[in-house]
Structures are given as C-alpha cells and as structure tokens.
Amino acid sequence: MYSDKVMDHFEHPRNVGVIEDADGVGTVGNPVCGDVMKMYLKIDDNEVITDVKFKTFGCASAIATSSMATEMIKGKTVDEALELTNKAVAEALDGLPPVKMHCSVLAEEAVKAAIEDYRDKKLKEN
Amino acid sequence: MIKYFDNAATTALDKDILDKMMEYFTDRYFNPSSIYTPSISVHKDVEESRKRVADAINAKAEEIYFTSGGSESDNLAIKGFAYANRKKGKHIITSCIEHPAIINSCKSLEKEGFEVTYLSVDENGFIKLDELENSIREDTILISVMTANNEIGTIEPIKEIGRIAHEHGIKFHTDAVQAIGSVKIDVEDMNIDMLSMSGHKFYGPKGVGVLYIKKGTNVTRMNDGGHQERDKRSGTENVPGIIGIGYAIEKAYKDFDKNVKRITELRDYYISEIEKRIPDIILNGDRTKRLPGNANFSFKYIEGESIMLLLDQKGICVSTGSACSSKTLEPSYVLLSIGLPHEIAHGSIRVSIGKHNTKEEVDYLIDSVVEVVEKLRAMSPLYEEEK
Ligand SMILES: Cc1ncc(COP(=O)(O)O)c(C=O)c1O
C-alpha cells in the first residue's frame, strides 16, 4: 500500500521533536479528523531555515510527509520553503495512495503556517 | 515468524480439516446432485456434514443451508426473509453495530420501501431491551441482532432478544459469525429462528457458511437457478468447503471449554498488562460479557494505523478502527456508536487471540505495544499538550 520511502520515513522519521526557542511554529489539522501536525522553525538573519522539527499525530503517511517536508525545507530560505507544494512532497516519497494525498496537503500547510507565524512575530518586533 | 493476533478477521484452517477436505477436490470431485453411485456417496457426505452443523447448535439437519459465507447468510436472512414476508409487514429492527452485511442489506431494503430501526447501544456496546420493546410496531416482521460484535467483542443478550421477539410474534435472526466456537449456541433454548455463521472464523475453510432457518420460517432465495439446498440457494455445492465446515464446527464444540479457557486467560493477561503499563487508554466493550479472544483498546493521543503498521514491522498482525485504514476516512461506526469521540476512536487497536497463540507470543505482543505506543506518543503534539 505504501512505497518503501513512505515506510522508511514513517519508521525512521527525520527531525522529530520541538525547538524551544523557535522563530516560527505552525500547527495544522484537527484531532477529530485524525491528523495534527506541528512544525517548528529556526531561521537566521539571512532568512535561511537552519533547523526544523516536527510532531505529528496521524497515520503513517501523515508522519512520513511531515518528515519529508522537514528534510526538503532545511537549509532553504523562507521564500524557497514557501514554494514547497504537497505534490512535491508526495513525489519525493514516491507517491501516496489517493486517499492519503490530504496528508501531503497538511505538510505543505504546516510549513506555511510556521513561516506565517515567523513573519507575524517579525512584524510585531519591528 | 508471524505473530497472528487477528483471529476475528480470519483463522488458520486446521490441517486435519484440510486433510478431510482434500479428497473432495481430487478423487471425489463428483457433483452431489447427480444420481450415479459416486455422486450419491458424495451427497451422503454432504448430508452428514449438514448433520454435524445441526447437532452443534441443536438444530435439525433440514434447517441447515450451506452458503458462501457469513455475508451471503446475512443477505439471505435479511432480504430473503423480508421479501417472503412483505405482506405481513415492512418493518425490521436491527442494531447500529451490526456487520455491514446486515446494515447494507437493511439499507437496500429501505430503498425498496421497507422501514428499518437501528437500535442504539450503550457505552459497552449492549442494545437496550426497553428500546427494543419500544421499537416494536404492528408491522414489525424481523429482529436481527448479532450474537457478538466483531470489533469490540460485546456479547448481546440473545436469548432475551429472542424471547421478546417471540412474545410479539416476530422472527429473530442473529449473526453468530464471531460467536461460533466462543459462545455456546442452542437455537431452541435461545429463541433463534435464523442464524448466520462462516467457516473461516472457527479454523474451517473460507468461502463457506451456513444459514440456519428454523422450520416454519419463510425465506425467499436470493440467487435463482437449480434446486440445490432445497431451493433456497442455487448453484453446485462447494463440497470441500461444506465437508470442512462440518468437521470444523464439530471440532470447535469438542474443544470448546479447553479453548475458551486458555484464550480467555491469555486475553485477560494482555488486558491487565496493557492497563498496568500504559496510561491514558480505554478498554472498549464490556469487561466480562465479551468474546474470549477480543481485546480492543483506544490509545489516546496517537492514531491506530500507525500503531498497526509499526506492529506489522515487528511481525505482529492486529487490526484498527482508525479512519486512516478505511476508504471513507471515517473511524469505525461501532466505536462511534459506543460514544467514543472521533479523536479517540482513531487510536484503537483490536487484538483477537486464537487457539494457536502462546503465552510467549502474548508477552512479545505486550512489549511491542508498549514500545510502539511510547514511540508514537513521543512524536505526538497532542500528547505534548496534555503533559
Ligand atoms: C459479525 C460478522 N458478520 C459477517 C461477517 C462476514 O463473513 P464472511 O467474510 O465470511 O462473508 C463477518 C466477517 O468479518 C463478521 O465478523
């Protein structure tokens, strides 16, 4: 049902955890629907994402897409990370079953929510 | 080695049962409807198998009809009975936690003008007898309530339900697919007019089932054709399957006490260890009136498909009521019916222990569940918020 890549990221998720002094934190999803993703970003002065961590409640594909998304944005600039699409995440995992595509959408939204939080904070600082 | 804890989904066909079936695939392939000598002898064996099934549930051989499994038996019981009795009334009562074979048969009938009441269940999964009584109408023709639920293992008060049905002149069907080999059934004593079973749930073959139809209960056949199964079910008989289910039910009853005792002990051990070692869990179903092998837990803050797949990586087979394992993305309707909120229903795992499971396997299962739950909770933002 799942590709080897999905299973690999599910069983050995990269970047699980929290960043205590994160510059941006985004939470998306709803426990009622069965998936919640929380993404933490550390961003330097050049707007480069230097660290990413996540926590996810959900099925194997929710965990795998979170893990893959963190790998794909680490080291990227905020603007580059905003270009991350759910399709790109799904493709990087060698595809997802059609009913699980919403998990990749959630991963994209989690990244965007964390970046939005970062920008909001910056606005308030200035 | 695979550690199989999904015996409610299916069981391993016993080798000695297979051995008894083999000759009907090979040397004795004859059609039991033909009237030459080899066929007559196969026909005789089919009838002996019918007798074995009848004896196990205190029925008469001529009240036993072989089908292709639990689903077909349920369809025949619900639709076949409704069509045969539509002049008497159009109302059927069932429960909201039935197998889809019952629920969807009822839904089909509703499209044709029948009316169906789906009884609610309490938090342990029991139907309420007062609600049942209150649902009975002038035109109620059939009550169908399962003997035991496949997901949470709750054993319904069948005898009482049958008594209520008969007091009102209503026929009573029960889906006993999960119960055979785990709950003793006596169709006379328990007021049962129709009963469904399926061979592969009690170490018999797949693709063969039984519908018991008490004499005097009218059922219209659902598939037209020849006159097999006394005109109730056309089609050349699945002879090896029929032979297999007969021996399987005989064996299930012979070993009944021994199996139930052992399986219950293993199940209780699993439940008590899990409750000791993992916080924030809910045991779904009733503590005592439940199938011997069934243990269904909801593990809060995590999701069932993830638990199931991580256990699978350890060679353990279990099942989940999580939405993510379903096509509809809705969690199990049975778990929602007992009042679980969606987010908790998502995190449920059903273990169903069978006669081949050992204490060592259960120990491995317990350690693995503890490890997997800890791993997933460490990853869960809901757990983090709660702590
Ligand atoms: C309660 C119940 N009814 C009916 C069925 C259907 O049986 P079968 O798969 O043999 O058609 C099952 C099987 O899962 C069941 O658990």
Side-chain angles (χ1 to χ4, degrees), chain A residues 1-20 22 25-40 53-67 70 96-107 109-110 113-114 117, chain B residues 280-282 298-333 335-336 339-349 368 371-387:
Chain A
M1 169 179 169
Y2 287 125
S3 71
D4 291 345
K5 272 241 177 86
V6 171
M7 287 308 290
D8 177 39
H9 276 262
F10 165 58
E11 279 177 67
H12 312 286
R14 331 305 195 238
N15 307 310
V16 177
V18 298
I19 300 176
E20 296 296 347
V25 180
T27 306
V28 296
N30 185 335
V32 173
C33 305
D35 25 33
V36 177
M37 283 180 201
K38 193 165 183 183
M39 191 112 15
Y40 301 80
K53 291 272 190 270
F54 81 91
K55 286 215 169 182
T56 289
F57 158 76
C59 60
S61 61
I63 290 169
T65 51
S66 315
S67 166
T70 60
L96 287 172
V99 291
K100 301 287 185 169
M101 279 307 282
H102 72 277
C103 295
S104 62
V105 175
L106 221 52
E109 286 173 353
D117 179 56
Chain B
D280 301 323
I281 60 177
I282 296 171
S298 292
F299 300 93
K300 292 187 191 170
Y301 320 122
I302 54 178
E303 191 278 328
E305 188 208 70
S306 292
I307 305 173
M308 192 195 87
L309 288 174
L310 286 182
L311 290 174
D312 182 38
Q313 295 304 310
K314 295 172 171 296
I316 294 172
C317 308
V318 297
S319 88
T320 170
S322 153
C324 291
S325 67
S326 75
K327 296 247 157 27
T328 59
L329 295 182
E330 266 294 302
S332 142
Y333 60 91
L335 297 175
L336 298 181
L340 288 192
H342 276 66
E343 62 271 28
I344 291 176
H346 286 304
S348 60
I349 289 290
S368 302
E371 185 190 321
V372 163
V373 169
E374 272 171 11
K375 173 172 174 174
L376 289 170
R377 280 185 175 171
M379 241 190 262
S380 168
L382 306 180
Y383 190 60
E384 174 192 311
E385 273 166 31
E386 203 65 27
K387 295 297 126 181

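We name chains A, B, ... by the order of the sequence lines, and we start the count at 1 in each one. All values reported here derive from a predicted model rather than from experimental measurement.
Looking at every heavy atom in both residues, B/E303 comes nearest to A/C59 through OE1-CA, 2.9 Å. Nearest heavy atoms, A/K38 versus B/P381: CB-CB, 4.0 Å.
Looking only at side-chain heavy atoms (C-beta outward), B/S306 and A/I63 come within less than 4.5 Å of each other. No side-chain heavy atom of A/T56 sits under 4.5 Å from any side-chain heavy atom of B/M379.
Side-chain atoms of B/H346 come within 3.5 Å of backbone atoms of A/V32 as a donor-acceptor pair (strictly under, hydrogens ignored). B/K375 contributes a side-chain N or O that, together with a main-chain N or O of A/E11, makes up a donor-acceptor pair within less than 3.5 Å. With hydrogens and angles ignored, the 3.5 Å screen pairs a side-chain donor or acceptor of A/K55 with a backbone N or O of B/A378.
In this structure, no portion of B/A345 lies under 4.5 Å from any heavy atom of chain A. Residue contact with chain B, scored on non-hydrogen atoms closer than 4.5 Å, involves the side chain of A/P13 exclusively. Contacts of B/Y383 with chain A are absent, with no heavy-atom separation under 4.5 Å from either backbone or side chain. Contact of A/V36 with chain B is made through backbone and side chain together, with heavy-atom distances under 4.5 Å.
Top candidate by heavy-atom pairs under 4.5 Å with chain B, chosen from A/F54, A/F10, A/F57, is A/F57.
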